[in-house]
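One structure below.
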Amino acid sequence: MTGRGEAWRSALLAVAFVLIWGSAFNAARVVVLEWPPFWALAIRFVLTAPLLVGLALVTGARWPARADLGRVALMGLFGTGGYLAFSWWAMALIPSGLVALVTAATPLVVALGEAVLFGRRPSGMAWAGLALGWGGVALLGGARLAGHIGDSPGEVLGVGLALLGAVSQAAGLLAFAPARGRVDLWSATAGQSLVSAVLLLALALVMEGAPPSSASPRVWLGLAYSVTIVGVGGYALLFVLLRRFQPSTAAALQLLAPPVATVIGWAALGEVLGWADVGGGALTLTGLALLFRARAREG
């Protein structure tokens with residue numbers, strides 16, 4: 001009975017994680033349809049960072065050593081702040097489900113980066129996953145480019161920004177990778193959020209001018225959800241899952257977030273995706289599944 005109860009608890013935690021991770025894109029879409037994306041993110045990080053610092057102090061998290069501070073800062077600049085800056089900007093132009101599908105390409109960029117920078121040669125299955133994944137990204141971008149290059153350049157820009165978000169996140173992950181086993185996850189997340197807050201405040205002031213002066217109840221609700229449920233609760237669940245499951249299993253759960261974001265965007269926000277978007281997303285997720293399976297076999 002105890003084992004069965006523990007299995008149910010793990011399953012419920014996994015479902016909650018997928019729902020939170022997927023709905024994060026939809027909550028962001030609600031906010032950026034009314035507020036400038038950089039100011040929206042700057043306010044989110046200014047509110048989230050103190051909460052994460054407080055949690056790190058309460059949990060007695062070990063703060064990064066001086067040698068790892070630079071890697072934490074790079075993760076904050078590129079892996080968190082840069083990634084979300086591009087993603088939220090993209091969501092002001094294209095559906096949140098499409099952004100989720102495109103940014104799912106991050107592990108593909110990481111795999112290529114590991115091969116180039118660290119000489120890690122992918123196996124045959126991993127190469128197949130990379131090929132399928134990038135084929136899906138090409139289909140997503142190519143369909144938008146072919147169908148809207150003349151009448152809706154904003155959609156093309158949105159897909160490009162989402163892809164840049166994936167590249168930025170991959171750069172942060174690659175920079176942070178050597179320190180991952182040495183730093184506490186709570187303190188590292190708090191440090192990344194502080195760096196991201198500074199970055200987004202600077203971008204907002206330079207590129208968007210004065211902060212927004214008003215907001216609808218939908219925006220406040222979306223922002224509150226992004227700060228508490230996603231910014232704190234989502235990471236807490238991720239850390240729990242990393243302790244309960246193998247890293248490959250946790251990574252596989254993240255593959256379910258884009259389809260969830262797509263369904264929520266369709267049901268709650270009236271977003272519509274074309275067949276090429278759905279097909280390209282499915283191809284990308286299939287490639288990622290192969291890549292994760294190959295990595296799990298490699299140990």
Side-chain angles (χ1 to χ4, degrees), residues 19-55 73 75-100 102-103 152-165 168-169 172 189-235 261 264-272:
L19 289 174
I20 290 174
W21 224 244
S23 62
F25 292 90
N26 311 116
R29 171 77 168 171
V30 169
V31 177
V32 299
L33 286 178
E34 189 169 326
W35 274 5
F38 295 152
W39 269 117
L41 265 177
I43 293 170
R44 176 189 183 247
F45 276 117
V46 166
L47 295 173
T48 304
L51 295 176
L52 293 172
V53 171
L55 281 170
M75 182 62 184
L77 283 174
F78 296 103
T80 306
Y83 156 64
L84 289 176
F86 284 122
S87 297
W88 283 43
W89 187 1
M91 275 183 283
L93 302 171
I94 58 177
S96 54
L98 182 57
V99 175
V102 175
T103 56
S152 185
E155 290 197 353
V156 179
L157 175 61
V159 172
L161 290 170
L163 189 55
L164 285 174
S168 182
Q169 187 180 40
T189 303
Q192 293 159 22
S193 294
L194 288 170
V195 172
S196 298
V198 174
L199 169 66
L200 268 302
L201 279 171
L203 287 174
L205 287 168
V206 171
M207 300 187 67
E208 296 173 345
S213 57
S214 62
S216 68
R218 279 167 54 92
V219 168
W220 289 121
L221 183 61
L223 186 64
Y225 186 88
S226 294
V227 170
T228 57
I229 304 301
V230 178
V232 177
Y235 280 106
I264 295 175
W266 167 76
L269 303 178
E271 297 179 351
V272 178

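No experiment lies behind these values; they were computed from the predicted model shown.
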Quick one: closest heavy-atom pair of [X] and [Y], and the distance?
{"X": "Leu77", "Y": "Leu199", "value": "O-CD2, 3.5 Å"}
{"X": "Leu19", "Y": "Ser23", "value": "O-OG, 2.7 Å"}
{"X": "Gln169", "Y": "Gly79", "value": "CG-O, 3.6 Å"}
{"X": "Ser96", "Y": "Phe25", "value": "CB-O, 3.5 Å"}
{"X": "Ala162", "Y": "Thr103", "value": "O-CG2, 3.4 Å"}
{"X": "Ala90", "Y": "Leu161", "value": "CB-CB, 3.9 Å"}

Point to revise | Residue Phe38 excluded, over 12 heavy atoms near CZ under 6.0 Å | key: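 It does: Phe38 CZ has more than 12 such atoms within range.
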Check your understanding: Centres of the Tyr225 and Trp220 rings: under 6.0 Å?
Key ->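 When the ring centroids of Tyr225 and Trp220 are compared, they turn out to be at least 6.0 Å apart.
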Review point. Does the ring center of Trp39 lie less than 6.0 Å from the ring center of Trp88?
Key: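 No; Trp88 has its ring centre 6.0 Å or more from that of Trp39.
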Drop me the distance from [X]'s [atom1] to [Y]'s [atom2], to the nearest 0.5 angstrom.
{"X": "Trp35", "Y": "Ile43", "atom1": "CH2", "atom2": "CD1", "result": "4.0 Å"}
{"X": "Leu84", "Y": "Phe45", "atom1": "CG", "atom2": "CZ", "result": "5.0 Å"}
{"X": "Ser226", "Y": "Leu221", "atom1": "OG", "atom2": "CG", "result": "9.5 Å"}
{"X": "Tyr235", "Y": "Thr48", "atom1": "OH", "atom2": "OG1", "result": "9.5 Å"}
{"X": "Leu200", "Y": "Leu205", "atom1": "CG", "atom2": "CG", "result": "10.5 Å"}
{"X": "Ser196", "Y": "Met75", "atom1": "OG", "atom2": "CE", "result": "8.5 Å"}

Point to revise | side-chain hydrogen bond (donor to acceptor under 3.5 Å, both in side chains) partners for Gln192, two or more places apart | key: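 For Gln192, no residue satisfies side-chain hydrogen bond (donor to acceptor under 3.5 Å, both in side chains) once neighbours in sequence are set aside.
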Practice item. For Val232 and Leu52, run side chain to side chain contact (heavy atoms under 4.5 Å, CB included): C-alpha distance rounded to whole Å, both residues' side-chain angles, the deciding distance at 0.1 Å, then the answer. Key: CA-CA 7 Å; Val232 177; Leu52 293 172; 4.3 Å; yes
Practice item. Please determine which of Val46, Leu41, Leu47 meets the side-chain contact (heavy atoms from CB on, under 4.5 Å) test together with Arg44. Key: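 Among the candidates, only Leu41 passes.
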Point to revise | Candidate pair Leu269 and Ile264, rule side chain to side chain contact (heavy atoms under 4.5 Å, CB included), full reasoning | key: CA-CA 7 Å; Leu269 303 178; Ile264 295 175; 5.8 Å; no
Practice item. Output yes when Glu34 and Arg218 qualify as a salt bridge under the 4.0 Å nitrogen-oxygen rule, no when they do not. Key: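 Salt bridge absent between Glu34 and Arg218.
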